[in-house]
Amino acid sequence: MLKIGIIGFGGMGHVHASQYVKTPDTCLTAVADIRPEQLKGQAMELNIGPGEACDMQDVATYLSGDEMLAAEALDLVSVCLPTDIHADYTVKALTAGCHVLCEKPMSRTLAQADDAIVARDRSGKQLMVAQCLRFWPCYERLVEAYGSGEFGKLLMLSMRRVSAPPGWGAARSWFMDGTRSGGALLDMHIHDTDFANHLLGVPTAVTTVGTPHCSGAIDNAVTHYHYDGGPVVMAETSWSYSGGFKMGFCALFENATLEMGYQDDNLTLLRPGQLPETLELPSEGGYEREIAYLIDCIRADRKPERCTAESTRETMRIALAEEASALAGGERVAL
């Protein structure tokens, strides 16, 4: 039985808790948050919808992550804190002898990401960043189609991820400080940046046009990822959208189109001269699948090769290049 701890028990902390209870042979043992009201386990509002309530009857609660790490002998810790302290507590948990699942983004700076990787290597424990699109069934199917070539060459990929400004509970205070969150570009859009990296690797350059809206950082943006000889790849993001949270992609292959989220949340296969086909996908969501994958890696003492810390460090490098491009008025930034 793996003993689980969560540091940061806001919206994403509740999401992690709700997934651990679905995973065999894991026990949510302790949670920590500096806000006592967060530790009651009540449902938490998120941009993706209401989070599940948590049964806290047998869970130890702490008002600091440091206190929890000192008091508990934990196997795995989820770090679900504000972005600018993700790496700090990743290092602390690894140093305490725990495996770590760190929420995205990996860090606010590349130096912080490097510190986390060094701590992982010194500890001999596993570290994975929760870039959940790598485990989301719709996106997995796109990876499969690209790898197999079943629809021919990928010509173009467009991705979309938009939301109203984060306004749930006390979370608003740090989300709206762009120096901490990185704005929509680093907090939300980084999912699509990571997926481009996961599918196609690091681009040769990025060009991003963006503006602030509510955080002081880049909250509205469109990025072109430049792949020499590869497909046209772009992604848009916004914290100014009035219609609730939306995500999706449209992948144009030589002989078919895969589309999700532009008309509905299904994955639709479109072929010339044929009726649209809704593809069947696994019922588990990306959060459940990423946690189950990491648990399997821990039990097998195997590095999580599908989502290495090195690859998500590269995602941070791409995202920070996008930020630099936007701040420079859309200048092309080489990687």
Side-chain angles (χ1 to χ4, degrees), residues 81-88 90 102-118 129-131 133-134 156-163 165-166 174-241 247 249 307-335:
L81 294 160
T83 295
D84 58 322
I85 52 176
H86 277 177
D88 291 345
T90 292
C102 176
E103 255 307 318
K104 59 77 205 163
M106 185 176 185
S107 58
R108 186 62 179 89
T109 69
L110 286 182
Q112 290 175 324
D114 291 337
D115 289 344
I117 291 173
V118 168
V129 178
Q131 291 290 175
L133 291 196
R134 300 189 187 205
M156 179 172 166
L157 172 64
S158 59
M159 297 174 283
R160 182 174 186 247
R161 191 166 306 271
V162 296
S163 171
W174 72 267
F175 276 116
M176 294 300 100
D177 181 351
T179 62
R180 302 189 68 192
S181 69
L185 185 73
L186 291 183
D187 181 77
M188 187 171 66
H189 170 78
I190 198 166
H191 281 297
D192 295 318
T193 300
D194 182 72
F195 186 71
N197 178 30
H198 178 55
L199 182 70
L200 300 165
V202 177
T204 57
V206 294
T207 304
T208 302
V209 178
T211 61
H213 168 60
C214 52
S215 76
I218 303 301
D219 296 320
N220 298 282
V222 176
T223 292
H224 286 263
Y225 304 90
H226 301 280
Y227 289 95
D228 292 347
V232 175
V233 181
M234 60 185 177
E236 64 172 298
T237 195
S238 178
W239 268 352
S240 307
Y241 185 66
M247 72 175 186
F249 66 77
C307 194
T308 67
E310 287 81 1
S311 71
T312 49
R313 191 262 188 200
E314 287 293 87
T315 293
M316 282 298 308
R317 187 165 72 94
I318 300 166
L320 291 171
E322 293 180 69
E323 183 180 52
S325 176
L327 293 174
E331 180 178 308
R332 182 183 174 113
V333 175
L335 289 148

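Keep in mind that the numbers below use all heavy atoms, side chains included, and drop hydrogens, waters and symmetry copies.
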Novice: Do any pairs count as a salt bridge (charged side-chain N to carboxylate O under 4.0 Å, His left out) and have a residue in residues 222-236, sequence neighbours left out, and if so which ones?
Specialist: Arg160-Glu236
Novice: For a quick check under 3.5 Å, do Arg332 and Thr208 share a side-chain donor-acceptor pair by atom type?
Specialist: no
Novice: Give me each pair satisfying salt bridge (charged side-chain N to carboxylate O under 4.0 Å, His left out) with a member in residues 201-213, each pair once, sequence neighbours excluded.
Specialist: none
Novice: Sequence neighbours left out, what passes salt bridge (Lys or Arg N to Asp or Glu O under 4.0 Å) with Glu103? Give chain and number order.
Specialist: none
Novice: Heavy atoms, side chains only, cut-off 4.5 Å: are Pro231 and Met156 in contact?
Specialist: no
Novice: In the structure I gave you, are the side-chain heavy atoms of Leu335 and Thr204 within less than 4.5 Å of one another anywhere?
Specialist: no
Novice: Does any part of the side chain of Arg161, heavy atoms only, come nearer than 4.5 Å to the side chain of Leu133, both counted from C-beta?
Specialist: yes
Novice: Any side-chain heavy atom of Met234 within less than 4.5 Å of one from Thr223?
Specialist: no
Novice: Which pairs pass ring-ring contact (aromatic ring centres under 6.0 Å, His included) with one or both residues in residues 176-199, sequence neighbours excluded?
Specialist: Tyr139-Phe195
Novice: Using a 4.5 Å cut-off on heavy atoms from C-beta on, say whether the side chain of Ile218 contacts that of Leu327.
Specialist: yes
Novice: Less than 4.5 Å apart, side chain to side chain, heavy atoms only: is that true for Ser163 and Tyr241?
Specialist: no
Novice: Between Ser181 (side chain) and Phe175 (backbone), is there a donor-acceptor pair under 3.5 Å?
Specialist: yes
Novice: Among Asp194, Asp192, Asp187, whose salt bridge (charged side-chain N to carboxylate O under 4.0 Å, His left out) with Lys104 holds?
Specialist: Asp187
Novice: What pairs with Thr312 under side-chain hydrogen bond (donor to acceptor under 3.5 Å, both in side chains), at least two apart in sequence or on another chain?
Specialist: none
Novice: If you define the side chain from C-beta out and look only at heavy atoms, does anything of Thr193 sit under 4.5 Å from Tyr225?
Specialist: yes
Novice: Please give me the minimum heavy-atom distance between Ala221 and Leu185, naming the atom from each residue.
Specialist: CB-CD1, 4.1 Å
Novice: Taking only residues at least two apart or on different chains, which pairs with a member in residues 319-331 satisfy salt bridge (charged side-chain N to carboxylate O under 4.0 Å, His left out)?
Specialist: Arg108-Glu323
Novice: Does this structure show an ion pair linking Glu310 with Arg313, if we count only N-O contacts that are shorter than 4.0 Å?
Specialist: no
